[in-house]
Structures are given as structure tokens and as C-alpha cells.
Protein chains: 2
Amino acid sequence: MEKRATIKDVAEAAGVGVATVSRVLSGGSASPRTRERVLAVAAQLDYRPSALGRNLRQRRTGGMGLLVPDLTDTFYAQFAEGVLACARSAGEPVVLGSTGGDPEQEAELIGMLLEQSVDRLIAVPSGDEDTWAPAVRAGMTVVFADRLPARPFSEDDDPAAAAVNDLMLLDGLAAPPPAAHRPPELPSVLADDRAGIRTAVRYLRGLGHRRIAFLGGPGHDRRVAAFREAVGAPVDEELVVFGTGSRDSAYAAASGLFQSRPDLSAVVAGGNVLGEAAVLAARELDLRVPRDVSLVMYDDVPWAELCSPPLTVIAQPGRDMGYRAAELVLRSGGRRARSVVLPTELIIRGSCGPHR
Amino acid sequence: MEKRATIKDVAEAAGVGVATVSRVLSGGSASPRTRERVLAVAAQLDYRPSALGRNLRQRRTGGMGLLVPDLTDTFYAQFAEGVLACARSAGEPVVLGSTGGDPEQEAELIGMLLEQSVDRLIAVPSGDEDTWAPAVRAGMTVVFADRLPARPFSEDDDPAAAAVNDLMLLDGLAAPPPAAHRPPELPSVLADDRAGIRTAVRYLRGLGHRRIAFLGGPGHDRRVAAFREAVGAPVDEELVVFGTGSRDSAYAAASGLFQSRPDLSAVVAGGNVLGEAAVLAARELDLRVPRDVSLVMYDDVPWAELCSPPLTVIAQPGRDMGYRAAELVLRSGGRRARSVVLPTELIIRGSCGPHR
DNA sequence: AACCATGATGGAATCGTTTCCATGGAGAAG
DNA sequence: CTTCTCCATGGAAACGATTCCATCATGGTT
């Protein structure tokens with residue numbers, strides 16, 4: 001339990017002032033002669049500047065926060081790995097929180113990060129914009145990933161319209177809404193849900209499917225909107241069902257869907273937890289995939305190949321998304337960073353067949 | 001971007017000294033009268049003490065570090081969720097690092113945590129005891145989970161014997177080795193690998209299997225030792241193969257095993273990544289599970305049920321292990337905490353059949 | 001020769017908290 | 001009434017870094 005050398009120790013041992021040591025170590029100006037000596041002494045004392053002192057002085061903690069709903073959702077695990085990879089190569093710490101998809105826990109974690117003076121945050125948001133207001137007000141650099149926070153409810157605001165609006169924004173087709181009082185859009189890293197869903201729906205259509213269901217979870221607003229758009233015409237509302245995020249509720253939703261609508265012939269699962277539930281529920285009800293029902297799952301995960309038949313999926317680059325998000329939040333020391341939309345890919349395996 | 005109120009602001013507004021404010025907020029003694037006023041003012045100013053100042057003063061960062069090899073390994077994701085759950089309920093931050101199973105990266109991350117003055121660390125170690133020496137020397141409270149760091153190589157030290165030794169320790173059957181110069185054992189949270197493997201091997205034996213292979217990964221020393229012990233007699237060394245931790249190498253190991261020893265009738269996979277590889281390799285080689293080969297996988301993960309047939313697994317309570325580890329590292333503010341060994345459970349599904 | 005610009009250097013202030021210590025007042029015991 | 005004790009209280013010193021600013025030396029210019 002030896003105590004670490006401080007900058008003062010180095011200064012004394014090198015016969016210089018602490019200011020000089022600090023400058024040498026952080027790349028300020030110094031004569032080659034002193035620089036060399038300071039460096040030598042620092043190495044010899046095994047000196048490592050304490051982040052504590054620095055953080056206090058600069059009134060900010062280095063590194064970044066990372067908030068995801070659930071690490072056991074493989075997509076978020078991949079995403080987190082991407083963030084960690086970038087942070088590691090930058091030598092920055094990552095403070096992780098898992099929200100369980102609960103806005104309240106999310107708010108608490110934001111509070112905790114504020115207390116820690118973590119001023120950079122990557123988040124897969126669960127709460128709405130009100131939840132995020134404190135973070136933004138405190139001047140945090142926030143990068144959202146995978147989804148955007150919902151708008152808080154207000155009577156002149158229609159959630160469905162809002163989601164469609166987000167889609168339009170992605171395409172640059174529409175100007176931002178009359179954002180007079182709304183906070184400026186924060187940078188984000190999203191997958192191209194619209195194209196992904198559209199491709200999947202078209203693929204199923206091409207196989208002859210007409211009654212296609214969507215199995216969604218929290219935060220899948222944009223995906224549902226894209227689904228509605230891709231299906232076109234009035235969507236059969238019974239074919240759009242939601243789970244709350246837990247595996248149990250996903251299973252219940254899937255099972256309920258299959259039972260209430262035996263006439264459906266294809267399902268698009270909005271995420272891998274939903275996909276898992278769909279496979280399980282189908283098996284439980286003796287529905288054969290893809291003979292009785294075709295299945296496309298959002299997210300490519302290692303176990304998609306293990307199923308039999310292996311699952312046809314809409315792959316989004318989880319790891320890349322994480323890496324990009326971390327880059328954004330680090331680099332954007334300047335100002336507003338541009339948002340990023342990454343492409344998805346339909347990977348055809350064996351869980352979709354022709355409509356019978 | 002408002003700036004936060006400091007303790008000084010509160011002191012002035014309440015007409016008391018900063019020391020008093022600090023005492024009130026951290027539960028020291030104060031007259032009810034002032035306590036009330038300070039609390040009121042603090043609430044009104046929305047004051048939250050900055051962790052920065054406190055950390056510097058106490059020369060330590062709160063919270064804990066968490067080092068795992070790979071979050072996309074579902075077991076580690078479950079484990080991390082457990083740690084996060086405990087940390088969240090304690091209001092403590094968690095600094096996460098993913099080592100990729102690489103001792104070098106692990107060492108770097110330890111260095112980073114040291115720099116941050118994080119003095120509590122939960123780790124699934126990849127490096128050996130030498131890798132961990134700096135952390136211990138610096139006085140960190142370290143809790144290992146899932147496995148223990150390997151002993152560094154020395155000629156009078158036999159790794160196999162060491163692993164067996166660890167097993168004995170678990171049972172409390174043997175006194176610790178002559179640890180004269182060895183650091184004292186650190187607290188840890190482990191699953192009862194020995195019993196788990198033993199149960200699985202006996203189960204396979206009971207089904208008539210005689211040529212049982214073990215498919216291991218890094219850090220599975222204790223599991224291999226348990227396997228050897230459970231199989232008894234001289235083990236056919238060709239039936240014990242290892243991957244390096246990546247999915248590719250796991251697949252290669254599994255595939256190689258199946259090809260080189262078509263006579264084997266059962267496989268115990270030492271972890272879920274290995275199990276995944278085994279399923280994939282078996283399918284690729286047209287081996288039917290469980291007709292041609294029976295499979296037991298260490299780790300219960302949601303997708304084990306999705307396989308067809310669903311996988312028979314040795315479940316270890318990943319989430320609980322994480323929660324317990326976090327409790328240990330937090331509560332053991334005192335001194336050496338006792339290690340914990342949690343039970344495993346053989347969950348019989350459909351991947352094992354009688355030997356033909 | 002006097003002066004100025006430049007660059008290296010160290011002292012000291014600062015960040016926000018906790019904690020040590022001295023002070024002062026009130027109540028109890030003599 | 002005096003003295004002793006105890007407790008609430010506030011001032012000030014840490015903690016370890018960064019950074020402002022004044023100082024000093026050096027070398028070039030007029």
C-alpha cells in the first residue's frame with residue numbers, strides 16, 4: 001500500500017517548480033534540458049498524474065457515461081463493446097449504467113453522472129425529452145444512439161406524427177418542426193431503420209405475404225412508423241403489438257399475437273429480444289417456421305444462426321454504432337456534431353418462406 | 001449551461017460556515033435548528049455535492065471498476081447486470097472495461113483505474129497474478145469473479161497441480177499451499193464448477209457415454225481440472241481441446257475436435273461461446289444433436305432454449321454472482337471478505353441422448 | 001550601450017469538498 | 001458563584017493537479 005508520487009515529489013526531485021512539471025507532462029513549452037530531466041525523474045518515480053486533481057481543477061471528469069437499457073440484450077452488448085473499444089484506445093474511462101428501460105432509473109443515473117461531473121454521455125434513451133432536460137441544461141455533451149428520446153406529451157403533439165416526422169428528418173425531406181421552444185436536436189447515431197424495415201417488408205411481400213405483423217418494444221416508434229409506411233394503406237392495427245421490454249412481456253405479446261390472429265403469415269420482430277420471444281412462442285404453439293409463419297428479426301446476433309432454421313435478420317452494425325457514438329462524443333469537444341445514420345442489411349437465412 | 005451551486009453558496013445563503021453544511025449533509029452533529037435551515041437552503045438551491053471535491057479530499061474515487069473479457073458473451077453481460085444492479089441501489093458509479101481476454105489490455109485498464117483512483121475493483125481476470133500485482137500493491141480492494149488469476153510461471157509450480165489445488169481449496173479439503181511468499185488470497189465469487197462439471201459428466205455417463213470431450217476456453221482451468229477429476233482414470237488428451245476466446249477460434253476448436261475424433265459421443269462445452277461453436281460446428285459437419293453427439297453447455301443463456309433441440313446446460317447464476325461481487329467489494333470496506341461459491345444447476349433440456 | 005521582445009520558469013491561486021482545531025456559550029456539578 | 005465539560009460552530013488547511021502572472025535571462029535590434 002505505497003502511496004503514489006505527486007507532482008510535487010517530481011518537482012522537488014527534479015529541482016524545478018510544479019508548474020514546470022505540469023507543463024512538460026502536458027506538452028507545454030519547456031527547454032529541452034529541463035524537459036528531459038523532468039521526464040527522467042517522472043519515469044524513475046513511476047509518477048502518474050492523478051485524475052482527481054486534474055478533474056477538480058478543470059471542473060469536469062474525463063471519460064464518458066454510457067446508458068443502455070439492458071446489457072443482456074445482445075445488441076446493446078455489442079453497442080457497448082464498440083463504445084468501450086473507442087474509449088480504450090483514447091485511454092478514457094467509461095461509466096456504465098443500465099436503466100432497465102425505466103425512465104425513472106434513467107433519471108437517477110443521469111443525476112449520478114451529474115454528481116460525478118461526467119460531462120459526456122452516450123445513451124440509448126428510455127425517458128422522454130423532459131428526462132433529458134437536466135443533462136442538457138447542465139451542459140453535458142449528449143449523443144443518443146439507436147433511438148431518440150420521445151417527446152413529452154402535450155395535447156398539440158401527436159406521437160405518431162412525431163415518429164413519422166423523425167423519419168422524414170432522417171431523409172432530410174422535411175425541415176425541423178417549428179422548434180421555437182424545443183431544444184436544438186442533439187447529435188445521434190442511428191441505424192437506418194426506415195430502409196431496413198422497408199427492405200424486410202418488401203422481401204416478405206415478394207414471398208407472397210400479405211398479412212404481416214409487427215412485434216415491437218419500447219423505443220421502436222421509428223421502426224413501427226417505417227413498418228406502417230412500408231405496408232402502406234391502412235394497417236391492420238391488431239397486427240401491430242408491443243411488449244414492454246422484458247423477456248416475459250415480449251413472450252406474452254408474441255404469444256398473444258399468434259393466438260389472436262392465426263391468419264397472419266409473417267412477423268417482423270423489432271429487436272432481438274422480440275425475435276427470441278417470437279421463436280419461443282411459435283414453437284410453443286406448434287407453428288413451424290417458416291412453413292406456418294415467416295419471421296424476420298431486427299438485429300443480427302450470434303445465436304440467430306443457431307436457430308433452426310437460422311433466422312433471417314435485419315442487421316444493424318451495433319459495434320460500429322458504439323464506436324461512432326464514442327467518437328462523436330469525444331471529438332465534439334467543439335460544438336454540435338452531425339448525426340450519423342448507418343446502413344442496415346437484410347441477411348437472408350432460413351426463417352422466411354413463400355406464403356402458402 | 002448554468003453552473004451548479006457549491007457548498008459555499010449554501011453556507012452563505014444559510015448564514016453558516018461551510019463546515020457546518022458539510023456536517024449536516026454527511027450526517028455529522030448539528031443543532032436541529034441549523035440542520036433544518038441548511039437542508040432547506042440546500043434543497044432550494046438544488047445543491048448536490050460535487051463528487052470531484054470529495055474525491056480529491058479523500059484521495060479516492062467512489063464506486064467501483066468492473067473488468068470483464070467480453071460483454072457479448074452473454075454470461076458476462078448477465079454478470080455485469082448484477083454488478084450494475086447492486087451499484088445502482090447503492091448510488092455508486094461503475095467504471096467498465098472490456099479486456100478482450102488480453103492480459104495486456106487488462107493491465108492497461110488497471111493502470112487507467114489506478115489513475116482515476118478507483119480503489120474497488122471487480123474482475124473476471126485474464127492475466128496472471130503478476131498482472132494483478134500493481135492493483136494489489138496500490139491497495140485496491142479487488143474481488144475476482146468467475147475465475148482466479150493464473151499463477152505466473154515458475155519452474156517449481158505445476159499449473160495442472162495448481163488448478164487441482166484451487167479445487168481442493170473450494171471444498172475446504174486442503175490447507176492453502178505454503179504461501180510464504182505468495183500474496184494472501186483475495187476474495188472471490190465463483191460458481192461451483194467442480195460440482196457442476198461433475199454432475200454433467202455423471203449425467204452423460206449415465207446415458208452410456210464413454211468418450212466425452214471437453215471444449216474449453218481461456219480461464220477454464222478449474223473446469224478442465226474438474227472434468228479430469230470427474231472422468232477419472234487417464235483422460236484421453238485428444239478429447240480436451242481449447243479455443244482462445246474468440247468465436248472464430250472456438251469454432252475452429254470445435255470443428256477440429258469433431259473431425260479428428262469422430263468416435264466421441266458427447267461434448268461438454270466450458271462456456272456459452274464454446275457451446276455456440278459446438279452447435280455450429282456440429283451442424284456444419286452434419287452431426288445431429290443429440291443423435292450423433294450429445295452436448296452439455298456451461299452457462300444458461302436465453303438462446304439455449306431456442307436451439308433445436310434446446311440445449312442442456314449447467315446453469316450458473318450470473319446475475320447473482322455479479323450482485324454478490326458488488327456487495328463484497330462495497331461492504332468489505334473493513335477487511336478481507338470471505339469468498340463466495342455459488343451453486344450450479346444442471347438443466348436438462350434436449351441436447352443429450354443415450355449413447356448408441 | 002540601452003532597450004525590447006521572447007521564452008523559460010516558479011510562486012501562488014484555484015477548483016469543492018472534508019476534517020482538524022480553536023472558540024465560545026450553555027448547562028451541570030461543585 | 002465558579003469551574004468544568006460538552007457541543008455546536010466556523011476558519012483554515014489539506015487533497016493534487018492546472019494555469020495565471022510576474023520575474024528573470026537571453027539575444028537581437030536600434
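Chain identifiers are assigned alphabetically (A, B, ...) following the order of the sequence lines, protein sequences preceding nucleic acid strands; residue numbering begins at 1 within each chain.
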Revision key, fill the gap. Rounded to 10°, the angle between the first-five-pair and last-five-pair axes of the helix from C:dA1-D:dT30 to C:dG30-D:dC1 is 60°
Revision key, fill the gap. Regarding the side chain of A:Ala30, the nearest nucleotide among C:dT9, D:dG16, D:dT9 is C:dT9
Review point. Any donor-acceptor pair under 3.5 Å joining the side chain of B:Arg57 to the base of D:dG16?
Key: no
Check your understanding: Just how far is it from atom CG of A:Asp46 to atom CD of A:Gln44, taken to the nearest 0.5 Å?
Key -> 10.0 Å
Review point. Once you round to the nearest 0.5 Å, how far does CD of B:Glu115 lie from CZ of A:Arg48?
Key: 4.5 Å
Review point. Does A:Arg324 CZ have over 12 foreign heavy atoms under 6.0 Å away?
Key: no
**Study point:** A:Arg23 side-chain proximity, nearest of D:dT18, C:dT17, D:dC21
**Key:** D:dC21
Study note, to complete from the structure: Of A:Arg48 and B:Ala19, the one whose nearest nucleotide on DNA chain D sits closer to the 5' end is B:Ala19
Output a table of donor-acceptor pairs, distance under 3.5 Å, between side-chain atoms of residues 54-69 of chain A and any protein atom two or more places apart or on a different chain; print 'none' if there are none.
unit_1: A:Asn55; atom_1: ND2; unit_2: A:Ala51; atom_2: O; d: 3.1
unit_1: A:Arg60; atom_1: NE; unit_2: A:Asp119; atom_2: OD2; d: 2.9
unit_1: A:Thr61; atom_1: OG1; unit_2: A:Gln116; atom_2: O; d: 2.5

Study note, to complete from the structure: Of the listed D:dT18, C:dT9, D:dA8, the closest approach to the A:Thr20 side chain comes from C:dT9
Exercise for review: Could you please name the option among D:dT19, C:dT17, D:dA17 that lies closest to any side-chain atom of A:Gln58?
Suggested key: D:dT19
Check your understanding: Picking from D:dA17, D:dG10, C:dT17, which would you name as closest to the side chain of A:Pro49?
Key -> D:dA17
Review point. Hey, does B:Ile110 have a side-chain heavy atom less than 4.5 Å from the side chain of B:Trp132?
Key: yes
Check your understanding: Is any side-chain heavy atom of B:Pro218 less than 4.5 Å from a side-chain heavy atom of B:Ser126?
Key -> no
Check your understanding: For B:Leu52, which contact category applies under a 4.0 Å heavy-atom criterion: base, sugar-phosphate, or nothing?
Key -> nothing
Check your understanding: So what does B:Ser22 hit on the nucleic acid, given a heavy-atom distance under 4.0 Å: a base, only sugar-phosphate, or nothing?
Key -> base
Point to revise | Euclidean distance, B:Tyr323 OH relative to B:Glu81 CD, rounded to 0.5 Å | key: 13.0 Å
Review point. On DNA chain C, nearest-nucleotide positions of A:Val18 versus A:Ser31: which is more 5'?
Key: A:Ser31
Review point. Nearest to the side chain of A:Arg54, which nucleotide is it out of D:dA17, C:dG10, D:dC15?
Key: D:dA17
